[in-house]
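Here, residue 1 is the first one in the sequence, and each next residue gets the next number. Nothing here was measured: the structure is a model prediction, and the numbers come from that model. We use all heavy atoms of the structure for the numbers below, so side chains are in, but hydrogens, waters and symmetry mates are not.
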Amino acid sequence: MSVTNFIQNNKDRFLNELLDLLRIPSVSADPKFKNAVFAAAEFVKESLIKAGADTAEICQTKGYPIVYGEKIIDPSAPTVLVYGHYDVQPADPYELWDSPPFEPVIKKTEEHPQGAIFARGSADDKGQFYMHVKAFEAMMASNDLPCNVKFMIEGEEEVGSDNLDKFVIDNKEKLKADVILISDTHMISMKDPSITVGLRGMAYMEVEVTGANRDLHSGTYGGAVANPINVLCDMIASMKDENDHITIPGFYDKVAELTAEQRARLNEAPFDLDEYKKKLKIAEVHGEKGYTTIERVGIRPTLDVNGIWGGYIGEGAKTVLPSKASAKISMRLVPDQDWHEISKLFEDYFRSIAPASVTVKVKAHHGGSPAVVSDSSVGYQAAEKAMEETFGKRPIPTREGGSIPIVALFQKELETDPILFGFGLDTDALHSPNEHYGVANYFIGIETIAAFFKHFKTLSNQ
């Protein structure tokens, strides 16, 4: 039986297995889901064994474990390393979901006429990494696995992959491969497939502003004592100018500017601004002056408030000046910005703009480096041929606004360029309520991954 026929004959099972994985609430950021995160690791391990791995193990770290598995058909054959993550973002706020986030349902949408799986983690990243497991199973069952394959599926990507660096550094020989596949990105569309060749990095901060030593009556003290919420809002607002340019001194010093030719090529990707606004239900886009929307999310750094709180938010009224106000702020970074340096620049500037009427605390949560990968490597050529085979159209190289910190780690420690082989869409509501992943995307991803192995073996032998 061919790989394609095996996939077709097992579609229902492949889909139901993914739904079972999605039912596990493996939220790495929230300790109350600790047992579920470990359960997801066990699920991945068992899936690799059932698919045909020689070995599969749960490798403990100081945090959540890394699942490693491999199938070595011939030591002299090319080796593919697959990376993914089984942890997911928190599903909050639950009330904004149309269906429970860990009870997957399939519904048709405009972008997914064949149906989409609505569940937390469906696109990021359970649905995407599980394609690799199923492609591996299909190749094994068809006796058509042309390359050695290794899997490294972690459980802390959504909280910064704090323990992955040590694992990679300590296991370089174990992880040695000729190419690394990562499906944690998206395509332009099902009609216009694409391969990501650039990712932004990130620095994630938390700040706290404190005024008086307790909450105060807003009538008795209002106008005489600093309100930390007001001050925090003023401070955040001052971190961008009227052109949406970030005002932190030194922030742009190491930004690698693209040439006019590179920017022109980037903007050749199909993009309908009116359709973009329509899908988001916004009247106008917003961002740094002088750059297109494609450039703003692909090659420019950002600073955004991800959460802000303080004071009374319950029912009714409570006239109070809060003692504290806090915010979580993320900065997306581009080559050649270093997230450690940017975190320090942010902290120094935030402290410098605080008025004497308040005290501040700044905490750097986590971060990661930006990365650019080659579009001329054997791995990229194999991915290009595989997509052309299954989609009927040559993929477009693109730069994506998201962050996958381990890409730069792999480039440095394993000396291998990952192929960012994602099959989701930018409308799949990643990190948001009603996250979903197309059923058609899932299955064409499985077929394309299997085709990649075939082309990579052929091109590696040339």
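Using a 4.0 Å cut-off between a side-chain N of Lys or Arg and a carboxylate O of Asp or Glu, Asp192 and Lys393 qualify as a salt bridge.
A donor-acceptor contact closer than 3.5 angstrom is absent between the side chains of Ser330 and Asp304. Ser183 and His132 form a side-chain donor-acceptor contact under 3.5 Å, judged by distance and modelled atom types alone. Side-chain contact check for Thr4 and Ser2: no donor-acceptor pair (N or O, by modelled atom type) lies under 3.5 Å. Side-chain atoms of Arg13 and Asn10 include a donor-acceptor pair closer than 3.5 Å. Of the N and O atoms on the side chains of Glu154 and Tyr83, at least one donor lies less than 3.5 Å from an acceptor on the other residue. A donor-acceptor pair shorter than 3.5 Å cannot be found between the side chains of Glu288 and Asn243. Asn163 and Glu156 share a donor-acceptor pair across their side chains, judged by distance under 3.5 Å alone. Residues Asp417 and Ser377 bring no donor and acceptor atom of their side chains to less than 3.5 Å of each other. In summary, the side chains of Gln381 and His455 do not present any donor paired with an acceptor at a separation below 3.5 Å, with no hydrogens or angles considered. For the residue pair His85 and Asp87, a side-chain donor N or O sits within less than 3.5 Å of a side-chain acceptor on the partner.
Relative to the six-membered ring of Tyr291, Arg300 meets both conditions, a distance below 6.0 Å and an angle of at most 45° to the axis.
Heavy-atom minimum distance, Asp241 versus Thr247: N-CG2, 3.8 Å.
Residue Phe167 holds its CZ atom at 15.5 Å from CG of Asp162, rounded to the nearest 0.5 Å. Rounding to the nearest 0.5 Å gives a distance of 6.5 Å between CZ of Arg399 and CD of Gln262. In this structure, NE2 in His436 is found 7.5 Å from CG in Leu425, a value given to the nearest 0.5 Å. With rounding to the nearest 0.5 angstrom, the CG atom of Leu303 is 10.0 Å from the CE atom of Met205. Taking CD1 of Ile404 as the start and CG of Asp125 as the end, the distance is 8.0 Å to the nearest 0.5 Å. Taking CD1 of Ile406 as the reference point, atom CG of Asp184 lies at 8.0 Å (rounded to 0.5 Å).
Taking the six-membered ring for Trp and thresholds of 30 and 60 degrees, Tyr204 and His365 have ring planes more than 60 degrees apart, a perpendicular arrangement.
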After noting the C-alpha distance and the side-chain angles of Trp97 and Glu435, does the key distance pass the side chain to side chain contact (heavy atoms under 4.5 Å, CB included) rule? CA-CA 9 Å; Trp97 286 77; Glu435 176 184 351; 4.0 Å; yes
Quick one: do Ser26 and Phe33 satisfy side chain to side chain contact (heavy atoms under 4.5 Å, CB included)? Show the steps, please. CA-CA 6 Å; Ser26 49; Phe33 294 103; over 6 Å; no
Could you walk me through whether Asp178 and Phe456 satisfy the side chain to side chain contact (heavy atoms under 4.5 Å, CB included) test, starting with their C-alpha distance in whole Å, then the side-chain angles of each, then the deciding distance to 0.1 Å, before giving a yes or no? CA-CA 10 Å; Asp178 298 289; Phe456 188 67; 3.8 Å; yes
Apply side chain to side chain contact (heavy atoms under 4.5 Å, CB included) to residues Phe423 and Phe443 and explain how you reach the verdict. CA-CA 10 Å; Phe423 295 87; Phe443 286 114; over 6 Å; no
ring-ring contact (aromatic ring centres under 6.0 Å, His included) between Phe136 and Phe151, intermediate numbers included: CA-CA 10 Å; Phe136 168 55; Phe151 292 87; 5.5 Å; yes
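Remark: Glu275 CD is packed, more than 12 non-hydrogen atoms of other residues, nucleotides or ligands lying under 6.0 Å away.
Note: Phe421 and Phe452 meet the aromatic proximity criterion, with ring centroids under 6.0 Å apart. Note: Phe271 and Tyr276 meet the aromatic proximity criterion, with ring centroids under 6.0 Å apart. Between Tyr437 and His112, the ring center distance fails the sub-6.0 Å criterion. When ring centroids are compared, Tyr349 and Phe251 stay outside the 6.0 Å threshold.
Contacts of Asp92 classified as salt bridge (charged side-chain N to carboxylate O under 4.0 Å, His left out), with partners at least two apart in sequence or in another chain: none.
When each of Lys11, Lys126, Lys134, Lys50 is checked for a salt bridge (Lys or Arg N to Asp or Glu O under 4.0 Å) with Glu17, only Lys134 meets the rule.
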